[in-house]
**Q** 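Sharing a structure below in structure tokens format, with a few things to ask.
Just so it is clear: chains get the letters A, B, ... in the order the sequence lines come, proteins before strands, and each one is counted from 1.
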There are 2 protein chains.
Amino acid sequence: MTETARRAIPTREELRIWRNYIETTETLRAVLEGRLQSESSLSSADYRVLLALSEADRSTLRSSELAELIGWQRSRLSHHLRRMEKRGLVHRAPCPDDVHGIDVRMTALGAESFRRGSVPHLRDVHELFVEALTAEQLARVDEFTTALRRHLHLEP
Amino acid sequence: MTETARRAIPTREELRIWRNYIETTETLRAVLEGRLQSESSLSSADYRVLLALSEADRSTLRSSELAELIGWQRSRLSHHLRRMEKRGLVHRAPCPDDVHGIDVRMTALGAESFRRGSVPHLRDVHELFVEALTAEQLARVDEFTTALRRHLHLEP
DNA sequence: GGATAAGGATTGACGTGTCAATCCTGTAAC
DNA sequence: GTTACAGGATTGACACGTCAATCCTTATCC
């Protein structure tokens, strides 16, 4: 790639597509978040934590594993777990295996909230995303997402 | 559409595509935001405000027009303008035409920051988005974005 | 002319995320 | 044994966004 190309800027049309893309995705995300909130009183951050815990052995994960799994920074997770613990959704306790570690466990209330939110949320994803697109278009989304991930050096 | 279809949930594959899509977009957004920040000390919210003002007559807009233009709620704009004004990027003054209105004007510092950030930001969009895709793929992005917008009842 | 509404914007409280600094506890070095 | 340090997690300060409540100024109504 030439130096000139590396420093190019988008055409008007490319910029239009970019802005439409990023704004539409953001709107979609916000709508889904709002529905999840009203259906289960969970934010998407809560949901992500509970989803990971629900798939874990004994609904428990070490804090560092959890952070790794969902791709959060430690400090973000720590703040969020404090808030979730205050609401009774999770419980934290020192990990018996690892002296430094903390075990995060989903409480009964957390499990119940997740159960209550999960199916409606999946229905919302189906309604607002899957049903908006043809099978063909969905395959194109997958292709272009993969291309972006490669370009950003994220694992596929 | 049948009641059954309305209440369907995504298949495993559809869910994989959805999660990849939403996470990749979020990562891309975060990378661009980080670059903009380091290149010009502007957040993407700052950038959006300054972009709108830069295109306005005399770099000035009424607060309510600005909110309408960029699709923000009044209160969000008010909070953000307060922070931007504290940093010297914009200036607020009562609007002579409209008794209730407030004129928001980009300051020289705001204009300079925007000028400094704008081209590098467009280059970043080109590098991280446009260059990741073929022309064909870009056209498909436009198509499916439009489909999503229609489905969400947003104007195209 | 005093109550009332209505438009335009601000405020406060709160949940959230980031960054840098800190804390805590065991382990290695000397 | 004290000092250093390393892993794991927490904290504090701050920027951001949302929601509901409020403020302020003019217009209207009686």
Side-chain angles (χ1 to χ4, degrees), chain A residues 23 26-27 29-38 40-49 60-105 113, chain B residues 23 26-27 29-38 40-50 60-105:
Chain A
E23 278 174 21
E26 167 54 21
T27 301
R29 200 204 51 66
V31 171
L32 279 167
E33 170 115 33
R35 290 204 182 184
L36 179 61
Q37 182 76 47
S38 67
S40 66
S41 300
L42 295 175
S43 68
S44 64
D46 301 332
Y47 188 83
R48 209 154 173 202
V49 167
T60 302
L61 283 171
R62 244 176 291 185
S63 183
S64 51
E65 287 174 343
L66 178 53
E68 171 73 20
L69 252 177
I70 64 184
W72 286 7
Q73 299 191 325
R74 292 174 174 294
S75 117
R76 174 179 179 185
L77 183 60
S78 184
H79 281 305
H80 204 78
L81 288 178
R82 176 174 42 73
R83 295 185 289 248
M84 290 181 75
E85 191 166 35
K86 190 159 56 175
R87 290 191 287 146
L89 298 171
V90 299
H91 178 73
R92 285 184 289 184
C95 172
D97 304 351
D98 182 341
V99 190
H100 302 304
I102 293 284
D103 269 350
V104 183
R105 184 172 50 75
S113 298
Chain B
E23 279 176 20
E26 167 55 21
T27 301
R29 201 204 49 68
V31 170
L32 279 168
E33 170 116 33
R35 289 204 184 185
L36 179 60
Q37 182 76 46
S38 66
S40 65
S41 299
L42 296 175
S43 70
S44 62
D46 302 331
Y47 187 83
R48 210 154 172 202
V49 168
L50 294 178
T60 301
L61 282 172
R62 242 176 294 185
S63 184
S64 51
E65 288 174 343
L66 179 52
E68 172 73 19
L69 253 177
I70 64 183
W72 285 8
Q73 300 190 325
R74 291 175 175 294
S75 115
R76 174 179 178 184
L77 183 60
S78 183
H79 280 306
H80 203 78
L81 288 179
R82 176 174 41 74
R83 294 185 290 250
M84 289 182 76
E85 192 166 33
K86 190 159 58 175
R87 291 191 287 146
L89 298 171
V90 298
H91 178 73
R92 285 184 289 185
C95 172
D97 305 349
D98 183 341
V99 190
H100 302 304
I102 292 283
D103 269 350
V104 183
R105 184 173 50 75

**Q** Tell me: NZ of Lys86(A) to C1' of dT11(D), nearest whole Å?
**A**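 From Lys86(A) NZ to dT11(D) C1': 14 Å.
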**Q** Check Arg87(B) against Ser41(B) and note the closest heavy-atom contact, atom names and distance.
**A**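 For Arg87(B) versus Ser41(B), the nearest heavy atoms are NH1-O, 3.6 Å.
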**Q** Report which part of the nucleic acid Ser78(A) touches: base, sugar-phosphate, or nothing (heavy-atom distance under 4.0 Å, all strands).
**A**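 If one applies the 4.0 Å heavy-atom cut-off, Ser78(A) turns out to touch a base.
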**Q** Could you state the atom-to-atom distance from CG of Leu81(A) to C1' of dT11(D) in whole Å?
**A**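 Distance check: Leu81(A) CG to dT11(D) C1' gives 14 Å.
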**Q** List for me each residue that meets side chain to side chain contact (heavy atoms under 4.5 Å, CB included) alongside Thr60(B), sequence neighbours excluded, and say none if there are none.
**A**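 So Thr60(B) forms a side chain to side chain contact (heavy atoms under 4.5 Å, CB included) with Arg58(B), Asp103(B), Arg105(B).
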**Q** When the distance from CG of Leu77(A) to P of dG17(C) is rounded to whole Å, what number comes out?
**A**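 Answer to the nearest Å: 11 Å.
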**Q** Would you kindly give the CD-to-P distance between Glu26(B) and dT16(C), to the nearest whole Å?
**A**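 Taking CD of Glu26(B) and P of dT16(C), I get 16 Å after rounding.
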**Q** Nearest whole angstrom, please: distance from the P of dT16(C) to the CG of Leu36(A).
**A**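 Whole-Å distance recorded here is 12 Å.
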**Q** Measuring from atom CD1 of Ile102(B) to atom NE2 of His91(B), what distance do you get when rounded to the nearest 0.5 angstrom?
**A**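 The CD1 atom of Ile102(B) sits 9.5 Å away from the NE2 atom of His91(B).
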**Q** Using atom CG of Leu66(A) as one end and atom P of dT10(D) as the other, report the distance to the nearest whole Å.
**A**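 About 11 Å, once rounded to whole Å.
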**Q** Please check: side-chain N/O of Ser40(A) versus main-chain N/O of Gln37(A), any donor-acceptor pairing under 3.5 Å?
**A**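 The answer is no, because no donor-acceptor pair under 3.5 Å joins these two groups.
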**Q** Write down the distance between CD (Gln37(B)) and C1' (dG17(C)), rounded to a whole number of angstrom.
**A**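 Value for this atom pair: 13 Å.
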**Q** Nearest 0.5 Å, please: how far is CG in Leu32(A) from OG in Ser44(A)?
**A**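 So the OG of Ser44(A) and the CG of Leu32(A) are separated by 9.5 Å.
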**Q** Please identify each residue that fulfils side chain to side chain donor-acceptor pair (under 3.5 Å) with Ser64(B), with sequence neighbours left out.
**A**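 Ser64(B) satisfies side chain to side chain donor-acceptor pair (under 3.5 Å) with no residue once adjacent residues are dropped.
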**Q** At under 4.0 Å between heavy atoms, which parts of nucleotides 17-23 of chain D does protein reach? Answer with one letter per nucleotide, 5' to 3': B base, S sugar-phosphate only, - none.
**A** SBBB---
**Q** Would you tabulate the nitrogen or oxygen pairs shorter than 3.5 Å linking the protein to nucleotides 24-27 of chain C?
**A**
none

**Q** Rounded to the nearest angstrom, tell me the gap between atom CG in Leu89(A) and atom P in dG15(C).
**A**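 Result: 13 Å.
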**Q** Please examine the side chains of Leu42(B) and Leu89(B), heavy atoms only from C-beta on, and report whether any two atoms are closer than 4.5 Å.
**A**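 The answer is yes; the side chains approach within 4.5 Å.
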**Q** Listed by chain and number, what are the side chain to side chain contact (heavy atoms under 4.5 Å, CB included) partners of Glu68(B), not counting sequence neighbours?
**A**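 Expected list: none.
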**Q** Anything under 3.5 Å between a donor and an acceptor, one on a side chain of residues 69-83 of chain B, the other on a protein residue two or more places apart or in another chain? List them.
**A**
residue  : atom : partner  : partner atom : Å
His79(B) : ND1  : Arg82(B) : NH2          : 2.9
His80(B) : NE2  : Asp46(B) : OD1          : 2.6

**Q** Classify Arg92(B) by what it touches in the nucleic acid, base, sugar-phosphate, or nothing, heavy-atom distance under 4.0 Å.
**A**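 Sugar-phosphate only.
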**Q** Considering only side-chain heavy atoms of Arg82(A), which listed nucleotide, dA9(C), dT11(D), dC16(D), is closest?
**A**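 So the side chain of Arg82(A) is nearest to dT11(D).
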